Amino acid sequence: MLKMTHLSKVYRTEVVETYALRDFNINVKEGEFVAVTGPSGSGKTTFLTIAGLLETFTGGEYHLDGVEVSKLDDNARSKIRNEKIGFIFQAFNLIPDLNVFDNVEVPLRYRGMKSAERKQRIMEALERVGLASRAKHYPAELSGGQQQRVAIARALAGSPRLLLADEPTGNLDTQMARGVMELLEEIHREGATIVMVTHDPELAARAQRNVHIIDGQVVDLSEDPRFHAAHAAADQAHG
Amino acid sequence: MQIKPILAAMRHHKAGTVLIALQIALTLAIVCNALFIIQQRTARVSRPSGVEETDLFVIRSDWADKSDPRRIDAQMQADLIALRQLGSVQEASSTNSFPLRGTGWDNFIKLQPDQVKMTTDAAIFFADERTLAALGTRLVAGRNFTAGEIGAQQPRDALHSAQVIISKALAERLFPQGSALGKTIYVSMGRTPSTVIGITDTLQAHMTGSWANPYAYNAVLIPARLLNDYTYYLVRARPGQLAAAMRDAPKALYAQSRMRIINAKDGVMSFAQVRRRAYERDVGMAILMGIISVVLLAITAAGIVGLTSFWVGQRRKQIGVRRALGATRGDILGHFLTENLLIGIGGVLIGAVLAVGINLWMVAQFEMARLSLAYVVAGVVALLLLGQGAVLAPALRASRVSPVEATRSV
Ligand SMILES: Nc1ncnc2c1ncn2[C@@H]1O[C@H](COP(=O)(O)OP(=O)(O)O)[C@@H](O)[C@H]1O
Ligand SMILES: [Mg+2]
């Protein structure tokens, strides 16, 4: 589904070159639920933005669904984002001027879907996240957990095969975080491939596979002492 | 296609939306009327005088000694002989006034002697047998005055002229059913009948104010020299010799007699100058309206550029999110163009009503003509295009916002 080989990403400013990713290799298979962990600034978000075709990369190769994406033009990339990928951001990123219904509708409109089908999909997605009754509410009138559920509904409405989530629970309290996590697990069970960046070892532990990034590279978890420390902490928390 | 959510989102930036819509409305209302005024003034300025204007000029001679009308009469006849003898002069005639002069006599014209209200109003030109030739105006019916018919008129005496020549427009106004030739009219308040012996082709009156629009082509030629404090000479130069004739003529007049004043500034005026002076205010008004229109359009365009740029800056995150969710650059461009079009449509709807309102008010206040709806339609199209043009640069900037903006921290 998602395969990066020897991929690198360099941010160039006038004074410095930052290697956000270097010799980055990852292979996420169709239907996998992968949790990405790593310290702050290690390149997790960079990885997700490249995976989600939000940004180009500097070197290496990236095959998404068998397609080498660096050859695609901007419109083709937009189309793939629209049809194959669902995004869930840490800051929810709902459009404040639009109500819940209209927010969920955004990607469907860009797909040029007919009104009747849009409506059906929006209501299905909102029911799925338990917010059908809030369709006419504005984001500011909802709690953080509810906003993130709307964002998930927006990501789901287009039936994406790949769901990319960047610390989806980072701005939520534990209880809300658990609810969001359960929703993602449910979506995963229905066949979607999910890549989720998280700081929360407890949530990471619930994924099928963990990928750890340090300094822009995927590292073997068994060789990283920090991983064991984190796991020990999580185990203790579970008590 | 994206209209509904764009409209819905507008409620969240009402102030700016309303501001721009009102600015568009006001600009449309004013520009429509300004363009209409420009068109009206241009039409006035370019209407024909009925005079062969090239090679024609006028001289005003103010008499130094006004005590004896008979001497004035003799002097005028001597002046005319002197002018006609000049090599550069083709024709000369005396008159009190002429087309486009601005001021002069205009009088009630009646069809019955005891009529209280006027039938119409007309310019009074005191003329001789050479006046039509000097003006270059043809007769379309009847005959010209003969030298023997030319009398003398004291300014304070009642008009009593057995024969008159009238302009075509006046003839048609007075006798719409048949020819005016041979008919009787009453000029001024007098009860003396005047027989129409000739009808000229188009001949404009001296009045240029908009009040006189209905009478602009009404003129009556009276066969007399008006023995006033001053007289005008209408002088036609030989073809191509206007400058020479304008130099020679005042010299010839002074050689005749120095008991006169020919103003150095405007005592001698080519007809081109007469025309320019007559329409100075119209041209000035048209230019002013043009400047106002351009300034308003520029301010409106700048307002749209400014506000849209502000909105684009404010919505970078949201644009990034839309891009992340699958919007192409074209979708983002279309979003801002559509938004502007919707605001523009709101603005021009209000503006069209305002434009008609302003015009109706001017119709009532200043005898303006009714605004042609074509101007409103043209203004609407122009302002919508202006809006789209103004929004283009910021909208293109918006379309270049990277989808990665969606992931940047709040
Ligand atoms: N637009 C950018 N310009 C320059 N440097 C950047 C940019 N985005 C990220 N970086 C740098 O790349 C590195 C990885 O960042 P990021 O992927 O956001 O890390 P994480 O999400 O793991 O915290 C950091 O050093 C960060 O400062
Ligand atoms: Mg990050």
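Fair warning: this is a prediction, and the values are worked out from it, not measured in the lab. In what follows, chains are A, B, ... by sequence order, proteins preceding strands, each numbered from 1.
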Tell me, for A:Glu105 versus chain B, whether the close heavy atoms (under 4.5 Å) come from the side chain, the backbone, both or neither. side chain
Return the option, out of B:Ala9, B:Gly330, B:Gly320, B:Ser402, with the maximum number of heavy-atom pairs under 4.5 Å with chain A. B:Ala9
Residue B:Val321 versus chain A: region with a heavy atom under 4.5 Å: side chain
Can you tell me if B:Arg316 has over 12 outside heavy atoms packed within less than 6.0 Å of its CZ? no
Can you confirm if the aromatic rings of B:Trp211 and B:Phe366 lie within a centre distance of less than 6.0 Å? no
Under 4.5 Å to a heavy atom of chain B? For A:Arg111 that would be neither
Quick one: of A:Ile95, A:Asn99, A:Ile85, who has the most non-hydrogen atom pairs under 4.5 Å with chain B? A:Ile95
Can B:Arg322 and B:Asp331 be counted as an ion pair, charged N to O under 4.0 angstrom? no
A:Phe101/A:His137 aromatic ring centres below 6.0 Å: no
Donor-acceptor pair, B:Gln39 side chain versus B:Ala34 backbone, under 3.5 Å? no
Most chain B-contacting option - heavy-atom pairs closer than 4.5 Å, from A:Leu98, A:Asp166, A:Asp74: A:Asp74
